[in-house]
**Student:** 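Mind looking over this structure? Questions follow.
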Amino acid sequence: MNTQRMEEIGQWKITVWEEENFQGKHCEFIMECQNIMERGFHKIRSVKVENGPWVGFEYPEYLGQQFILEKGDYPRWEAWSGNSGYRTEHMVSFRPIRCANHSDSKVTLYDCEDFQGRKFEMCDDYPSLQAMGWCSKEVPSIKVNSGSWVAYQYPGYRGYQYILERDRHNGEYRNYNEYSTQAHTNQIQSIRRIQH
């Protein structure tokens with residue numbers, strides 16, 4: 001294995017447990033997992049992220065509700081799902097977020113689909129888009145120019161989470177259906193850079 005590949009692998013490390021509070025069967029990963037059930041697990045109920053940012057998913061094959069997993073401990077599902085208003089108590093698939101660069105992140109929001117209408121460029125975290133001057137509760141399209149972001153349905157980084165990455169969709173999210181397989185609305189009211 002070449003040196004660059006070895007260095008890249010060392011950038012991500014996550015340990016998952018089948019039960020809450022880091023109990024029961026567990027496994028360490030340095031690469032993505034499309035379906036934890038193929039490893040003999042029923043579900044993931046607690047997580048420790050040692051290196052890199054990750055995104056967890058409610059269903060196999062990276063489908064369903066998304067959950068941002070940055071460095072730290074997640075002893076129960078509330079720690080990763082936050083106050084989403086959508087109760088899911090487990091994850092089944094996860095992958096690293098490779099393009100996260102907290103110090104060099106830029107995103108453009110548009111008030112119409114397909115990058116039309118009024119636009120606003122951002123390079124910082126905003127707990128309330130409306131407080132910073134965005135005139136709507138909705139963001140119909142988004143272009144990630146660099147880095148990775150997590151957008152939230154409600155102010156204060158609450159609600160559904162949408163992971164927006166420069167290296168997915170070429171950073172282009174032309175309508176809310178591209179935010180996530182579980183996106184039911186284009187309502188986004190807070191956004192922040194993903195920590196790496």
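Only this structure's heavy atoms are used, side chains among them; waters, hydrogens and symmetry mates stay out.
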**Student:** Quick one: do the His169 and Glu178 side chains pair a donor with an acceptor below 3.5 Å?
**Tutor:** no

**Student:** Report the relative orientation of the aromatic rings in Trp17 and His26; use parallel for angles under 30°, tilted for 30 to 60°, perpendicular for over 60°.
**Tutor:** parallel

**Student:** For the pair Tyr154 and Gln187, evaluate side-chain contact (heavy atoms from CB on, under 4.5 Å) and give the outcome as yes or no after the intermediate values.
**Tutor:** CA-CA 8 Å; Tyr154 301 118; Gln187 183 174 323; 3.2 Å; yes

**Student:** Compare every heavy atom of Asp111 with every heavy atom of Arg118, then report the nearest pair and how far apart it is.
**Tutor:** N-OD1, 2.7 Å

**Student:** In this structure, is the centre-to-centre distance between the rings of Phe94 and Phe29 below 6.0 Å?
**Tutor:** yes

**Student:** Are the side chains of Arg95 and Val55 in contact, using a 4.5 Å heavy-atom criterion?
**Tutor:** yes

**Student:** Between Tyr74 and Lys48, is there a cation-pi geometry (under 6.0 Å to ring centre, at most 45° from the normal)?
**Tutor:** no

**Student:** Can you check whether Gln116's main-chain N or O pairs, donor with acceptor, with Asp114's side chain at less than 3.5 Å?
**Tutor:** no

**Student:** Rounded at 0.5 Å granularity, tell me how far CD1 in Ile163 sits from CZ in Phe67.
**Tutor:** 10.0 Å

**Student:** Work out which heavy atom in Phe22 is nearest to a heavy atom in Ser46; give both atom names and the distance.
**Tutor:** N-OG, 3.0 Å

**Student:** Cation over ring, Lys143 on Tyr173, under 6.0 Å and within 45°?
**Tutor:** no

**Student:** How are the rings of Tyr126 and Phe120 set relative to one another: parallel (under 30°), tilted (30 to 60°) or perpendicular (over 60°)?
**Tutor:** perpendicular

**Student:** Just do the salt bridge (charged side-chain N to carboxylate O under 4.0 Å, His left out) check on Glu20 and Arg45 with the steps written out, would you?
**Tutor:** CA-CA 5 Å; Glu20 294 178 348; Arg45 299 289 299 263; 2.8 Å; yes

**Student:** Between Lys43 and Glu58, is there a side-chain N and carboxylate O pair less than 4.0 Å apart?
**Tutor:** no

**Student:** Would you confirm whether Ser148, through its side chain, and Glu165, through its main-chain N or O, come within 3.5 Å as a donor-acceptor pair?
**Tutor:** no

**Student:** Step by step, would you call Glu18 with His42 a side chain to side chain donor-acceptor pair (under 3.5 Å)?
**Tutor:** CA-CA 7 Å; Glu18 194 168 44; His42 290 85; 3.1 Å; yes

